There are 2 protein chains.
Amino acid sequence: MDYLRDGAEITRRSFAIIEAECELSGVPADLRPLAKRVVHSGGMPDLVADLAWSEGAGAAGRAALEAGAPILCDVAMVAAGIARRHLSAGNPIEAAVAQPDVARLAGELQTTRTAAGFSALADRLSGAIAVIGNAPTALFHLLELAEDPALRPAYVIGFPVGFVGAAESKEALIANRLGLPFVALRGRRGGSAMAAAALNALMIGEEAA
Amino acid sequence: MDYLRDGAEITRRSFAIIEAECELSGVPADLRPLAKRVVHSGGMPDLVADLAWSEGAGAAGRAALEAGAPILCDVAMVAAGIARRHLSAGNPIEAAVAQPDVARLAGELQTTRTAAGFSALADRLSGAIAVIGNAPTALFHLLELAEDPALRPAYVIGFPVGFVGAAESKEALIANRLGLPFVALRGRRGGSAMAAAALNALMIGEEAA
């Protein structure tokens, strides 16, 4: 079959198409690699229009990564998408839903296991990078926990997906009055691959992972 | 904060919205749960219009699963998204890109590591379920390998994503003259979460994973 097999060239052409098709002028220069990688992970140039960020979000995300902040994901799929070999500070990675005792805790808190997982990770939340690629309830619960300054992450990547609560949880993140630095994707779209792509972009810009 | 915390109710409402917004009449009855789960995983009702399948694809996928066929994914993110506890036949799961020696093999075959991973898995391809959620080259290479009847999977879930080769590799799958049973998503969209959702739907229909 006749197709392009050279991974580096595939990446180069992919990002050339993304640059040609995406309107990036409204995105701060240091977040454009993130915008492009999110577009790349979803195959959708119009994702750029749904991106939202706090002022200085690019620098804040990189600073947290370089400080070795733990990366607390909602689900294992997000964790699996992180380009680990580029984590130069050896940041630990956890999946909230995979924490021990999360089913009992979810019953106690009357919420989902994914949300309860962030309570299970409470002692690691301060200064952490929280990456939500799946569950709106996890993002809502994270915002509740972050009301306590001792449980406030350094950075939130808010990309939950779906039809019930996803858009609302991201609007709550965008409207947060806690000074939480974030990037988020408005609306129903999102998901583990886009969330991991956003985190990877903070580490490695546009290079192939 | 005021939001819905009951996971079962969130799922129920999500699928009610999906049913209200999706045009499912063109999808065979036994593939509608798959269509809905793919929509659910991406937050996009219009994905239904891009779904493609071979005749009898729902039954073929379930038969392969029930026979214990190995599930060969292109990348670890797809493998991480599989609802393992619902694999009643204990199907083994492998990620092509994570096979030992895949970097050397990619050099030898002059292709990507993900594609080479399916050559590394050649002795398990016959009768397998191949799930491609990321790399167009992996799907192209799988179709090349499948020319040999001894290397022919029982089922292909073709959901690679992106701007270079994704749409083309899925059209090649859809046009295959090997009798390969498949489901695929036309166009640039796709990804690990949708691919895993498609597989999970064959196991568990619309139930929450």
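Because the structure is a prediction, the values reported are computed rather than measured. Order of the sequence lines fixes the chain letters, A, B, ..., with proteins taken first and strands second; residue numbering starts at 1 for each chain.
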Checklist line | A:Ala115, part contacting chain B, at a heavy-atom distance under 4.5 Å | finding: neither
Check: Of the backbone (N, CA, C, O) and the side chain (C-beta and beyond), which part of A:Leu143 lies under 4.5 Å from a heavy atom of chain B, both, or neither?
Finding: both
Notebook entry, point to check: Checking heavy atoms, do the side chain of B:Leu4, its backbone, both or neither come under 4.5 Å from chain A?
Noted result: both
Check: Which heavy atom in A:Met1 sits nearest to a heavy atom in B:Glu144, and how many Å separate them?
Finding: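 For A:Met1 versus B:Glu144, the nearest heavy atoms are N-OE2, 3.5 Å.
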Checklist line | Smallest separation among heavy atoms of B:Ile17 and A:Arg188, with atom names | finding: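 Closest approach of B:Ile17 to A:Arg188: CG2-NH2, 3.8 Å.
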Checklist line | Positions in residues 92-106 of chain A that reach chain B, provided some heavy atom is under 4.5 Å away | finding: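 Counting heavy atoms that sit under 4.5 Å from chain B, no residue of residues 92-106 of chain A is involved.
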Next item on the list: Give me the contact list for residues 122-135 of chain A versus chain B, heavy atoms only, anything under 4.5 Å, ordered by residue number.
Entry: none
Notebook entry, point to check: Say you draw a straight line from CZ of A:Arg189 to CE of B:Met44; how long is it, rounded to the nearest 0.5 Å?
Noted result: 6.5 Å
Check: So which residues of residues 70-77 of chain B are in contact with chain A at a heavy-atom cut-off of under 4.5 Å?
Finding: B:Ala76, B:Met77
Margin query: Among A:Val78, A:Asp6, A:Val39, which residue has the highest count of heavy-atom pairs closer than 4.5 Å to chain B?
Written below: A:Val39
Check residues 149-169 of chain A and write down every donor-acceptor pair under 3.5 Å in which the side-chain atom is one partner and the other belongs to a residue at least two apart or another chain.
residue  : atom : partner  : partner atom : Å
A:Arg152 : NE   : A:Ala146 : O            : 2.8
A:Arg152 : NH2  : A:Ala146 : O            : 3.1
A:Arg152 : NH2  : A:Glu147 : O            : 3.3
A:Tyr155 : OH   : A:Ala57  : O            : 2.9
A:Glu168 : OE1  : A:Gly165 : N            : 3.2
A:Ser169 : OG   : A:Gly165 : O            : 3.1
A:Ser169 : OG   : A:Ala166 : O            : 2.9

Item checked: Max heavy-atom pair count under 4.5 Å with chain A, selected residue of B:Gly190, B:Gly81, B:Gly43, B:Ala196 -> B:Gly43
